Enquirer: 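Got a structure for you, questions after.
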Amino acid sequence: PAAIPLVNELPGRIAPTRIAEVRPRVSGILVERVFEQGSVVEAGDVLYRIDSDQFRVQVERAQALLDQAEATRKAASQSAARQVELRERNVVSAQAFDDANAALAVAEAGVAVARAALAAAQLDLQHADVRAPIAGRIGRARVTEGALVTANAVDSLATIQQLDPVYADFTQSAAYLMALRRAHENGELTRSETGEATVRLLLDDGSEYAHDGKLLFTEATVDASTGQIILRGEFPNPDGDLLPGMYVRVLIE
């Protein structure tokens with residue numbers, strides 16, 4: 001006797017595990033594109049540079065306003081301290097004492113407002129360097145140097161896709177999915193070390209993909225138009241052979 005594998009072959013498409021559209025967070029003129037189109041970037045890498053002169057001036061202005069507010073607070077603090085001494089000797093009215101303390105409170109609030117304005121200006125200056133939100137392969141540049149970009153624009157500057165690992169999305173009937181779940185729970189399916197069912201891929205030319213994947217039952221959803229269950233497998237892609245949108249055949253043993 002020998003165990004005969006029963007393999008179910010299903011059509012599927014490759015999808016990235018993570019995808020991010022690069023958008024500017026401040027408005028300005030693009031002065032430099034740093035990345036190479038189609039290259040692999042790391043999270044935090046600078047992709048574009050926006051003209052930062054205006055943001056640098058805003059930081060300097062906010063710093064000057066903070067210095068002014070701190071000087072005002074220092075004067076108000078000294079005045080309030082004098083009022084305390086005079087109050088102890090009963091040579092100043094209660095109204096003058098209260099006015100001095102109120103002026104000190106206003107000066108302290110002014111310092112807080114100036115510090116917040118400085119932090120906002122410094123943040124805008126940092127955002128003049130448009131950075132990669134995730135690691136992955138970046139596509140073509142959708143804008144060129146000299147273009148005016150605006151914060152929260154609808155059109156993105158580029159798209160980054162994480163391609164290692166990748167997902168393989170495929171469909172199956174609800175009845176078969178229930179049987180598959182029962183077989184998985186009963187240990188009749190081959191399991192990986194982490195407990196997920198093992199699946200394989202056939203490429204479009206008929207060859208078998210070199211790396212096995214795992215079936216993610218938690219990613220199952222229902223297609224509202226067809227009523228089919230959409231399953232998702234996760235496959236390692238160290239060599240970049242699997243690309244988003246690629247047609248594959250998924251083998252479940």
Side-chain angles (χ1 to χ4, degrees), residues 7-24 30 33-48 130-145 147 149 153-173 176-177 180 189-194 196-226 228-253:
V7 180
N8 196 18
E9 184 174 323
L10 303 169
R13 293 280 180 185
I14 298 298
T17 50
R18 299 173 72 190
I19 184 170
E21 293 184 340
V22 180
R23 286 186 170 85
L30 282 180
R33 173 174 62 84
V34 181
F35 69 94
E36 292 291 336
Q37 301 179 82
S39 63
V40 176
V41 297
E42 298 295 332
D45 286 354
V46 177
L47 305 178
Y48 293 94
V130 182
R131 299 180 181 272
I134 63 172
R137 187 172 298 277
I138 191 167
R140 63 183 177 88
R142 296 193 175 96
V143 293
T144 60
E145 294 85 349
V149 296
V154 176
D155 297 330
S156 62
L157 306 182
T159 300
I160 302 174
Q161 300 180 94
Q162 191 175 82
L163 302 180
D164 186 22
V166 293
Y167 291 138
D169 295 331
F170 54 99
T171 59
Q172 183 55 271
S173 66
Y176 181 78
L177 176 63
L180 195 63
L189 288 175
T190 302
R191 295 172 180 263
S192 66
E193 294 180 358
T194 56
E196 293 87 356
T198 301
V199 291
R200 293 176 289 130
L201 284 183
L202 286 181
L203 302 180
D204 199 19
D205 59 0
S207 62
E208 185 171 336
Y209 184 59
H211 303 281
D212 292 343
K214 57 185 178 182
L215 187 61
L216 305 178
F217 284 105
T218 57
E219 297 294 333
T221 56
V222 179
D223 188 338
S225 59
T226 63
Q228 294 284 317
I229 302 296
I230 303 175
L231 294 172
R232 170 166 282 181
E234 183 179 281
F235 292 84
N237 190 28
D239 301 323
D241 297 330
L242 301 178
L243 299 176
M246 181 182 292
Y247 173 80
V248 292
R249 305 290 294 183
V250 181
L251 302 178
I252 302 180
E253 197 174 289

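Here the structure is a predicted model, which means the values were calculated and not measured.
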Enquirer: Do the non-hydrogen side-chain atoms of Leu47 and Val41 ever get within less than 4.5 Å of each other?
Expert: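 The answer is yes, as the side chains (C-beta and beyond) meet within the 4.5 Å cut-off.
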Enquirer: How close do Phe35 and Ala158 get, counting heavy atoms only, and between which atoms?
Expert: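 What the structure gives for the nearest pair is CZ-CB, 4.2 Å.
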Enquirer: When you look at Leu30 and Thr144, which way does the side-chain contact (heavy atoms from CB on, under 4.5 Å) test go after all the steps?
Expert: CA-CA 7 Å; Leu30 282 180; Thr144 60; over 6 Å; no
Enquirer: Do Glu145 and Arg33 have side chains that get closer than 4.5 Å, going by heavy atoms?
Expert: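 A side-chain contact under 4.5 Å exists here.
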Enquirer: Do Val22 and Val130 have side chains that approach each other closer than 4.5 Å (heavy atoms only, starting at C-beta)?
Expert: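 In contact.
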Enquirer: With sequence neighbours left out, what residues match Asp164 under salt bridge (charged side-chain N to carboxylate O under 4.0 Å, His left out)?
Expert: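 Partners of Asp164 under the salt bridge (charged side-chain N to carboxylate O under 4.0 Å, His left out) test: none.
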Enquirer: Would you call Val34 and Asp45 a side-chain contact if the rule is heavy atoms closer than 4.5 Å?
Expert: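 A side-chain contact under 4.5 Å is absent here.
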Enquirer: To check you understand the geometry: which heavy-atom pair defines the closest contact between Ile160 and Ala135, and what is its length?
Expert: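 The pair with the smallest heavy-atom distance is CG2-C, 4.2 Å.
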Enquirer: For the CD atom on Glu36, are there more than 12 heavy atoms of other groups (residues, nucleotides or ligands in this structure) within a distance under 6.0 Å?
Expert: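 Not buried by this count: 12 neighbours or fewer within 6.0 Å.
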Enquirer: What is the distance from atom CG of Asp212 to atom CG of Leu201, rounded to the nearest 0.5 Å?
Expert: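 Reported value, rounded in 0.5 Å steps: 9.0 Å.
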Enquirer: Atom CZ in Arg249, atom CG in Leu10: separation rounded to 0.5 Å?
Expert: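 It comes to 7.0 Å.
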Enquirer: Is there a side-chain contact between Leu251 and Leu202 in this structure, where contact means two heavy atoms from C-beta onward sitting under 4.5 Å apart?
Expert: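 In short, these two side chains touch, coming nearer than 4.5 Å.
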Enquirer: Checking side-chain contact (heavy atoms from CB on, under 4.5 Å) for the pair Asn237/Tyr209: CA distance, chi angles, key distance, verdict?
Expert: CA-CA 10 Å; Asn237 190 28; Tyr209 184 59; 3.5 Å; yes
Enquirer: Are the side chains of Arg13 and Tyr247 in contact, using a 4.5 Å heavy-atom criterion?
Expert: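 Yes, their side chains come closer than 4.5 Å.
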Enquirer: Determine whether the aromatic ring centres of residues Tyr167 and Phe235 are separated by less than 6.0 angstrom.
Expert: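 No, they do not, as the ring centres are separated by 6.0 Å or more.
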Enquirer: Do Leu163 and Pro16 make a side-chain contact, defined as non-hydrogen atoms from C-beta onward lying under 4.5 Å apart?
Expert: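 A side-chain contact under 4.5 Å exists here.
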Enquirer: Would Arg232 and Asp169 pass as an ion pair if we require N to O under 4.0 Å?
Expert: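 Yes, charged N to carboxylate O under 4.0 Å.
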Enquirer: Within a strict 4.5 Å, meaning less than it, do heavy atoms of the Leu157 and Tyr48 side chains meet?
Expert: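 Yes; the side chains approach each other to less than 4.5 Å.
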Enquirer: Where do Pro11 and Phe170 come nearest, in terms of heavy atoms and distance?
Expert: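 Looks like O-CB, 3.0 Å.
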Enquirer: Give a yes or no on whether the backbone of Asp241 and the side-chain of Asp239 come within a donor-acceptor separation of less than 3.5 Å.
Expert: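 Checked: no pair found.
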Enquirer: Start with the C-alpha gap between Thr171 and Leu231, add the side-chain angles, then the distance that decides, and say whether side-chain contact (heavy atoms from CB on, under 4.5 Å) holds.
Expert: CA-CA 6 Å; Thr171 59; Leu231 294 172; over 6 Å; no
Enquirer: Checking Arg18 now: which residues fulfil side-chain contact (heavy atoms from CB on, under 4.5 Å) with it, not counting sequence neighbours?
Expert: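 With sequence neighbours excluded, Arg18 shows a side-chain contact (heavy atoms from CB on, under 4.5 Å) to Ile134, Gln162, given in chain and number order.
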Enquirer: Sorted by first residue and then second, give each side-chain hydrogen bond (donor to acceptor under 3.5 Å, both in side chains) pair with at least one member in residues 130-142; sequence neighbours left out.
Expert: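 Only Arg142-Ser156, Arg142-Thr159 qualify under side-chain hydrogen bond (donor to acceptor under 3.5 Å, both in side chains).
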Enquirer: At their closest point, which heavy atom of Pro238 faces which heavy atom of His211, and how far apart are they?
Expert: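 The pair with the smallest heavy-atom distance is CG-NE2, 3.6 Å.
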